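Structure record follows, encoded as structure tokens.
Owing to the predicted nature of the structure, the values given are computational and were not obtained by experimental measurement. The basis for the numbers below is simple: all heavy atoms, side chains too, and nothing from hydrogens, waters or symmetry mates. Positions are given from 1 along the sequence.
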Amino acid sequence: MKHNEHFSTIGANVPRQDGWEKVTGKARYIGDIRTPGAWIGGTLRSPVARGRLRGIRKDDAFDWSKVVCLTAKDLPGPNSVAMVRDDLPILAADEIRFATQPLAIVAAPDPGTLAEALQRLHADIEELPPVLTMEDSFSLKGIVYPPDNIIMEYRIESGDADKGLSTSDDIIEGAYRTGYQEHIYLETQGVVANPLRDGGIEVFGSMQCPYYVHNALCKGLALPPEKVIVRQTVTGGAFGGKEDYPSVLALHAALLALKSGHPVRWIHDRTEDILCSTKRHPSLIRHRTGVMRDGTLVAADIDILLDGGAYTTMSIVVLQRAALHATGGYRFPNARIRARAVATNTPPNGAFRGFGVPQSIFAIERQMDAIAMKLGMDPLDIRLSNAMNEGDIFPFGQRLRQGFPVRDILKRAATLSGYREKRHKYQNDCGVKRKGIGLALGVHGSGFTGSGEQKIAGTANVRWNRDSTVDVLVSSVEMGQGASTVLPMIASEALGIPVSRIRHPLPDTSEVPNSGPTVASRTTMYVGRMVADACRDLLEKLKAYAIAGTDLTVFKMSVRDGCISDDSNNVLGTIDEIAQRFLNEKEELFGVSSFHTEYAAQWDDASFRGEAYKAYGWIATVSEVEVDQRTCEIVPLETTCVVDAGVAVHPVLAEGQVEGGALQALGWSYLEDLPCEQGKYASGHLNSYLIPTSQDAPKFTVDFIHNPSPDGPYGAKGLGELPMDAGAPSLASAVECATGAHPTAIPITGEVLYTLLNEGAGKRR
Ligand code: MOS
């Protein structure tokens, strides 16, 4: 996409602000930061998936004065990690609900002493029969989560689903499963907790949501907000994995730091990180679709089950998103959606890029392929004839307002990838290695669901410094996605000064306001908009200052080309000069803004209806694969993504987001296999949990449709999660095209595909 001529910075591929430090190795991640005198932390974890903790015995042969050790009995505040619902204990008290659950934590001056202390702690556990699968949880084989194992349930209805089903020509049924996914951020989880002289605590580390950590620390340590400081350090990837888990690790480190009086340093190795941190929710989604012979969709009956694991963590909000995206990008005059998150005795599942949507899109997109097959239509045609359009209504009652070029996106993806010709050609392939091509449509609501943005009511500040640089002060973090470049670009556009003078410092809760967590594809759209507003507020202050003592009014004053002019277009001075004068006279120059009610979605929590999101991003993904019919190996060859994210603020970074997200989705669909056996993940390292490498990446073609949204800054909508949504079903469809198998579950590993091909007809392994 070429640089947009209406803007000076938006649409330009400026150098990424964190790029230089990262490529030269100057960036200091938590592991690079020296903490002289720091102790290190470690956890005694439950070996069993379910049990009763009778007690923890300390071996007398060990000198316990060398370390500090804490159990549930020693906590200063309530025993819960503050999240959506505060049910996750900081340390297990008497009930153990999952294997690896923390039972006790220890800090020691060195690794040898720590390891010995952990070995000398003996947990006395009465083991109980665990509930390990969604089916067992659902059929109440045991109660994990009182009273009925249901963490949360949502229902959405529109029209009359039963009548729609009974009056349609055909009813097509399908059941779709998706598996765990581990984030494998480059940098593992890590924090340092530093006790402060005033009895407070400072925690710094790798995280997405400094204020989530701040909140969890205040509550768990029973400290007032001003005694808790949280600072993000340079973060090597997160993908949702650093949304919830850092609160747990920060609490553990802070408790030990306060108890020992030493800083406590705690960085997970990869194995502990994989075995103990949260994962993407596995899903089982059933569809019954009523269709007419011509392919018109009449009714959807959808049942969603997500495996929440042993505690709530993020399951309620993940479930909301899964339910709201259940019908994907298609028009259903009648729909009934029932969504439940069930509890099992497995480690809690949490946030992962896409947040429930990839599971729902996998199911609806596979179902669309099944319908196409049954009716003898091409998968593209059935999508084209049922894709939502302006004026269409989602089952939760939201009408699509502005131009949503959904069909154009599908058509463009088909054209760019040569879909029709290849689909035709590959269906007649007959060698050992056969190619296939498949297409999927994804949709993703930008920002928090429903009233979420209003509830968090974020705030953003910009500060004009004496050296004429500007700081964007927000709690949103750079985690590799580009926020430290995109937010300054937005500020640059709003202030009319070069982006090179604008910085986004690493957030520190004692310095920056709460602009909300770095999640939900909200940073560019919502925080970006607040940053633009804060810049406008700063300019208003300068305007008022420039005419102070005169009889001029700010009304009709203008800011153009770096200058402020009065209502008759007389230049009063450059922004820089006026700002300097302002700062010479006053202490500081800030622009501030907060979430305006006019940005809020009209959503009703009680009925779970209304405007679920102010804006939606759309994507069509076409994947081409080659499948070896003997070894059942799948090789992705080409992936084409056509994206409507409103306006790409920084096209190169946006393209990187799309390629990275699509590759992560492909990995989830055929490579990333994480069985959970007896409640424990079967793999704790990267030689058995495989993720795509650059060698596995297909050739990408990424194209952005320019479709400015009125709800984001300079037309930008959310982008981060969108590319995760359609990759998996596009690959499954391509495998189907290449082999004739009908995969309904992912990952489609070689073993799974072998079984499908040898047992015929889409059976699950
Ligand atoms: Mo995200 S998965 O909303 O951190």
Side-chain angles (χ1 to χ4, degrees), residues 3-4 6-12 14 17 446-448 453-454 456-464 469-478 481-505 507 512-516 518 520-544 554 557-562 564 575 579 589-600 614-615 645-651 653-654 706-720:
H3 185 149
N4 192 307
H6 302 298
F7 298 124
S8 50
T9 311
I10 303 297
V14 305
Q17 298 223 353
S446 306
F448 276 132
E453 290 295 336
Q454 202 164 6
I456 202 108
T459 309
N461 293 351
V462 290
R463 178 176 58 206
W464 192 290
T469 61
V470 171
D471 288 326
V472 174
L473 301 175
V474 291
S475 59
S476 311
V477 309
E478 170 67 55
Q481 88 282 37
S484 282
T485 306
V486 165
L487 294 176
M489 287 175 77
I490 291 169
S492 159
E493 191 71 46
L495 290 171
I497 66 168
V499 70
S500 55
R501 278 169 49 192
I502 307 177
R503 287 281 172 272
H504 166 244
V512 302
N514 187 353
S515 59
T518 320
S521 306
R522 67 183 292 278
T523 303
T524 300
M525 178 169 151
Y526 279 100
V527 182
R529 188 167 174 167
M530 289 188 279
V531 167
D533 286 349
C535 292
R536 281 181 209 116
D537 178 62
L538 190 146
L539 290 177
E540 288 306 310
K541 284 181 182 151
L542 289 182
K543 282 191 209 166
V554 289
M557 283 177 75
S558 63
V559 182
R560 200 173 301 129
D561 301 327
I564 293 182
I575 300 172
L589 174 55
F590 275 94
V592 300
S593 89
S594 50
F595 183 77
H596 289 289
T597 43
E598 81 219 39
Y599 300 166
K614 290 299 279 188
V647 167
V649 174
H650 188 299
L653 282 177
H706 184 77
N707 183 30
S709 163
D711 296 301
Y714 306 107
K717 301 188 279 195
L719 173 64

Separation of Glu493 CD from Thr9 OG1 (nearest 0.5 Å):
5.0 Å

Expected output: side-chain Gln454 to main-chain Ala600 donor-acceptor under 3.5 Å:
no

What's the shortest heavy-atom distance between Pro713 and Gly528, and which atoms?
CG-C, 3.7 Å

Taking all non-hydrogen atoms of both residues into account, name the closest pair between Ala534 and Ala460 and its distance.
CB-O, 3.7 Å

Any non-hydrogen side-chain atom of Asn461 less than 4.5 Å from a side-chain atom of Phe590?
yes

Are Val499 and Gln17 side-chain neighbours, meaning at least one heavy-atom pair lies under 4.5 Å?
yes

Heavy atoms, side chains only, cut-off 4.5 Å: are Met530 and Val474 in contact?
no

With the side chain counted from C-beta on, respond yes when Leu495 and Ile575 share a heavy-atom pair under 4.5 Å apart, and no when they do not.
no

Residues Ser475, Ser515; criterion side chain to side chain donor-acceptor pair (under 3.5 Å); working and verdict:
CA-CA 5 Å; Ser475 59; Ser515 59; 3.0 Å; yes

Test Lys543 against Val559 for side chain to side chain contact (heavy atoms under 4.5 Å, CB included), laying out the working first.
CA-CA 9 Å; Lys543 282 191 209 166; Val559 182; 3.8 Å; yes

Taking every heavy atom of Ile490 against every heavy atom of Ala532, the minimum-distance pair comes out as CG2-CB, 3.9 Å

Taking side chain as C-beta onward, heavy atoms only, is Leu589 less than 4.5 Å from Leu542?
yes

Just how far is it from atom OH of Tyr526 to atom CZ of Phe595, taken to the nearest 0.5 Å?
5.5 Å

When you compare the side chain of Glu478 with that of Leu487, does any pair of heavy atoms fall below 4.5 Å?
no

Does Thr459 reach the main-chain N or O of Ser594 with its side chain, forming a donor-acceptor pair under 3.5 Å?
no

Evaluate the side-chain proximity of Thr524 to Leu719: yes if any heavy-atom separation is below 4.5 Å, no if none is.
no

Test log, rule side chain to side chain contact (heavy atoms under 4.5 Å, CB included), inputs Lys614 and Glu453
CA-CA 10 Å; Lys614 290 299 279 188; Glu453 290 295 336; over 6 Å; no

Residue pair Gly718 / Ser446: nearest heavy atoms and the distance that separates them
N-OG, 3.0 Å

Taking Ile497's backbone N and O only, do any of them form a donor-acceptor pair with Ser492's side chain (distance below 3.5 Å, no angle check)?
yes

Which pair of heavy atoms, one from Ser521 and one from Gly720, lies closest together, and at what distance?
OG-N, 3.8 Å

Full working for salt bridge (charged side-chain N to carboxylate O under 4.0 Å, His left out) between Arg529 and Asp533:
CA-CA 6 Å; Arg529 188 167 174 167; Asp533 286 349; 5.0 Å; no

Residues Asp711, Lys717; criterion side chain to side chain contact (heavy atoms under 4.5 Å, CB included); working and verdict:
CA-CA 7 Å; Asp711 296 301; Lys717 301 188 279 195; over 6 Å; no

Are the side chains of Arg463 and Val470 in touch, meaning some heavy atoms are under 4.5 Å apart?
no

Output, in order, the C-alpha distance, side-chain angles, deciding distance and verdict of side chain to side chain contact (heavy atoms under 4.5 Å, CB included) for Asp471 and His504.
CA-CA 6 Å; Asp471 288 326; His504 166 244; over 6 Å; no

Working to the nearest 0.5 Å, report the span between CG of Leu538 and CH2 of Trp464.
7.0 Å

For Ala483 versus Pro488, what's the shortest heavy-atom pair and its separation?
O-CD, 3.6 Å

